[in-house]
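Structure first, then comments.
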Amino acid sequence: MVTTRATAEESPDQSDQSDQPDQSGRSAVRTLLRLWPYVRPARVRLFTAAAVAVVASCLTLVIPLVLKWMVDGPVADRDPAGVWLGALYLLLLGFAEALLFGLRRWLVARPLAGVEASMRADLYRHLQRLPVAFHDRWASGQLLSRGTTDLMLLRMFLAFPLTFLLVNSVTILVGVIIMLLQDWTLGLVILIPAVPVMVTCVVFEKRYASVARRAQDQVGDLTTVVEESVLGIRIIKGFGRHRSQARAFRELSRTLRGTELHKARLLATIWGVIVTLPELAIGAALVLGTVQVADGGLSAGTLVAFLSTALALRWPVDSIGFLLAMSQEAATATERYFEVMDAVPEEPAPAAPATVGSRSAGRNGWAQPAAPGTGSKGLRGDGLRFHNVQFRYPDAPQDSPPVLHDIDLHIRPGESMALVGATGSGKTTLTALVPRLHEVTSGRITLDGDDITAMSRKQLRSLVAVAFEEPTLFSASVADNVLMGTGDGAGEPELERALAVAQADFAHALPHGTETQVGEQGLSLSGGQRQRLALARAVVGRPRFLVLDDPLSALDVHTEAAVEAALREVLAETTALIVAHRPSTVLLADRVALLSEGRIAAVGTHHELLRGNAEYAHLMAGTEEADR
Ligand SMILES: Nc1ncnc2c1ncn2[C@@H]1O[C@H](COP(=O)(O)OP(=O)(O)OP(=O)(O)O)[C@@H](O)[C@H]1O
Ligand SMILES: [Mg+2]
């Protein structure tokens, strides 16, 4: 079955998030402060908006004072003109408040969209720079959800809770002062619930933090399942696994639902406390106040003012529960965002050419165009050398045997070396070391004598072009996909030549020729067609070093023969390492290296090895028959 949970459980955030007691120990404020660099550009507007909101909110508190004036003045004096005037004041106050809140919205909307966009762009740029090993380790859904749901939560936090936690605190403070000034005994009655409410808030915040984290991680898991089943829809249908796949999805979404309900229960509890206790206090104050008014110790206007102030504070107090909840979610989102941002990218950063709508992490090889007139460039220098290279995948256990060890291989300048070995022997792994998609565990690889780790990635990738086993095409035109393999200067002639070498002339017969959109958003091509475009991409920049991982595996014998004939010319100019399974491909190469049990077991010409090496003869025997 298509893996569902496994990938998600492997991602590092999963292992430590489930029952973390210290999770709640982290400070939400400190986490949220990490957003400052992104918020900085919007700070003036954000602060202005907060100030506007504070003023607007405090205007609400003036209303009770106008009421007091009306009750004790015009109403007591039975003066209708005064009542109308009071009503006009109230209307104006309401109008001003609405206007100010509108202004606040207008102030924050645009800059906050900008903050979200720049955070998303940073995340994407960072993901492009993170090593392949990172992408091997992380489930793609976890990355996707961080770039979508989490960033949306952050924008909402910046737009609303951030401002209103401040606004409400100020409003509550001012309101309490006004109430104490009206009548301090009633004011103290109102203040009694403050302590239990605050304690509840603290307890709630801790619990909510860990549940929020769990919910957001589960959204990531769910995204992974959806993504995998969309990409693997053929396999799911082909094997009739749609039911089990749907079941897996349902289980995950039920878990998520459970977590969301847990969140809702927590929120309901705190809301219950926050709403009920102050309400009781207001009731008590009403009774006490009425008694005082009856005794003549308090004017009716003051009581009205007092109670309407208390009522005006209801919303600021009530909303604190969900403002805290949203802040917690934002803190979690920030944490998840920075988990990715804190992962160390490949250094030094490659000044990579813009990739086209890339979703998969695969770098499909690019190379700068060769300077004109350097046709025989591959024939000078020292060629490609592996010096005692050892390699173990970074996430493999320390005591496991390395995938590759004691690799000493010299591919002379201009030479083509075929790499042959049983499946799983490490051929793909070896080829990935040359463009530094993975770093050697020990040993060195040199290109014309220069250690690849001493080069900038840009320089390295301008020297080496690769075509992988899995030919990935991006959602772009055929021409764009092929020309990805070269610098900006390349144009029509290079494209034509590359398509000719790869026998990819079918591209011209597509509905819009080489401008036809392919990839996920475009026309679907056959495996062999994709493979030939990937090969064209590898050769288009006339790279000095060419690394091909089984580039002809999906082609029929005739097309393969045609590609080989054309490829021969290219190979004459470059130093090449070609993974091959079939004798016909092997024959393209000058010499063959046999990879066996993670090391180079033999090097020689095809015929030498065929005669002198039993393993090689065995590997080739089956395929030779098949080829005939
Ligand atoms: N990303 C990875 N992380 C950990 N181990 C890996 C990874 N990719 C491959 N391996 C392991 O490394 C070994 C060599 O794999 P590799 O893909 O290099 O084989 P190969 O020779 O290219 O095989 P094939 O002929 O089938 O393409 C395998 O045992 C595989 O399980
Ligand atoms: Mg392979």
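Numbers here are sequence positions counted from 1. Because the structure is predicted, anything quoted here is derived from the model rather than measured. Each ligand, and each atom within it, is numbered from 1 in the order the structure gives.
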Flag, side chain of R532 to backbone of A504, donor-acceptor distance under 3.5 Å
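No; zero donor-acceptor contacts below 3.5 Å.
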Is the side chain of N388 donor-acceptor paired with the backbone N or O of G443 at a distance under 3.5 Å, no angle test?
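Between the backbone of G443 and the side chain of N388 there is no qualifying donor-acceptor contact (under 3.5 Å).
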Determine the sole option in T429, T441, D136 for which the side chain to side chain donor-acceptor pair (under 3.5 Å) test with Y393 is passed.
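Filter result, single survivor: T429.
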Applying the side chain to side chain donor-acceptor pair (under 3.5 Å) criterion to T259, which one of Q218, Q216, R214 satisfies it?
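When side chain to side chain donor-acceptor pair (under 3.5 Å) is applied between T259 and each of Q218, Q216, R214, only Q218 qualifies.
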Would you say [X] touches ligand 1, if touching means a heavy atom closer than 4.0 Å?
| X | answer |
| --- | --- |
| H438 | no |
| A396 | no |
| G421 | no |

Is the shortest distance from atom 30 (C) of ligand 1 to a protein heavy atom below 4.0 Å?
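No, there is none.
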Distance to 0.1 Å, residue and atom name: give those for the protein heavy atom nearest to [atom].
| atom | result |
| --- | --- |
| atom 27 (O) of ligand 1 | E469 OE2, 2.5 Å |
| atom 1 (N) of ligand 1 | D136 OD2, 2.9 Å |
| atom 5 (N) of ligand 1 | Y393 CD1, 3.1 Å |
| atom 23 (O) of ligand 1 | G424 N, 2.8 Å |
| atom 25 (O) of ligand 1 | K427 NZ, 2.7 Å |
| atom 22 (O) of ligand 1 | T428 OG1, 2.6 Å |
| atom 16 (P) of ligand 1 | T429 OG1, 3.5 Å |
| atom 26 (O) of ligand 1 | T423 OG1, 2.5 Å |

Does R34 pair with E339 as a salt bridge, N-O distance under 4.0 Å?
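Judged by the 4.0 Å cut-off on N to carboxylate O distance, R34 and E339 do not form a salt bridge.
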Would you mind listing which atoms of ligand 1 come within a distance below 4.0 Å of any non-hydrogen atom of H581?
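The atoms of ligand 1 under 4.0 Å from a heavy atom of H581 are 25 (O).
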Distance filter under 4.0 Å to G426 heavy atoms, resulting ligand 1 atoms
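Near G426, meaning under 4.0 Å from one of its heavy atoms, ligand 1 has 14 (C), 16 (P), 18 (O), 19 (O), 20 (P), 21 (O).
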Grab the two heavy atoms, one from H135 and one from L127, that are nearest each other, plus how far apart they are.
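Minimum heavy-atom contact is NE2-O, 2.8 Å.
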Shortest non-hydrogen contact between V478 and A507, atoms and distance:
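Shortest heavy-atom contact: CG1-CB, 4.0 Å.
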Mind checking whether Y616 and H606 have parallel, tilted or perpendicular rings, split at 30° and 60°?
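Perpendicular: the ring planes of Y616 and H606 meet at over 60°.
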What angle, in degrees and rounded to 10°, do you get at the Mg ion (ligand 2) when you join it to OE1 of E469 and to OG1 of T428?
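About 80°, to the nearest ten degrees.
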Measure the CD-CG distance between Q517 and D480 for me, rounded to the nearest 0.5 Å.
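These two atoms lie 7.5 Å from each other.
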Return the set of residues passing ring-ring contact (aromatic ring centres under 6.0 Å, His included) with H405 (not counting sequence neighbours), or none when no residue passes.
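So H405 forms no ring-ring contact (aromatic ring centres under 6.0 Å, His included) with any residue.
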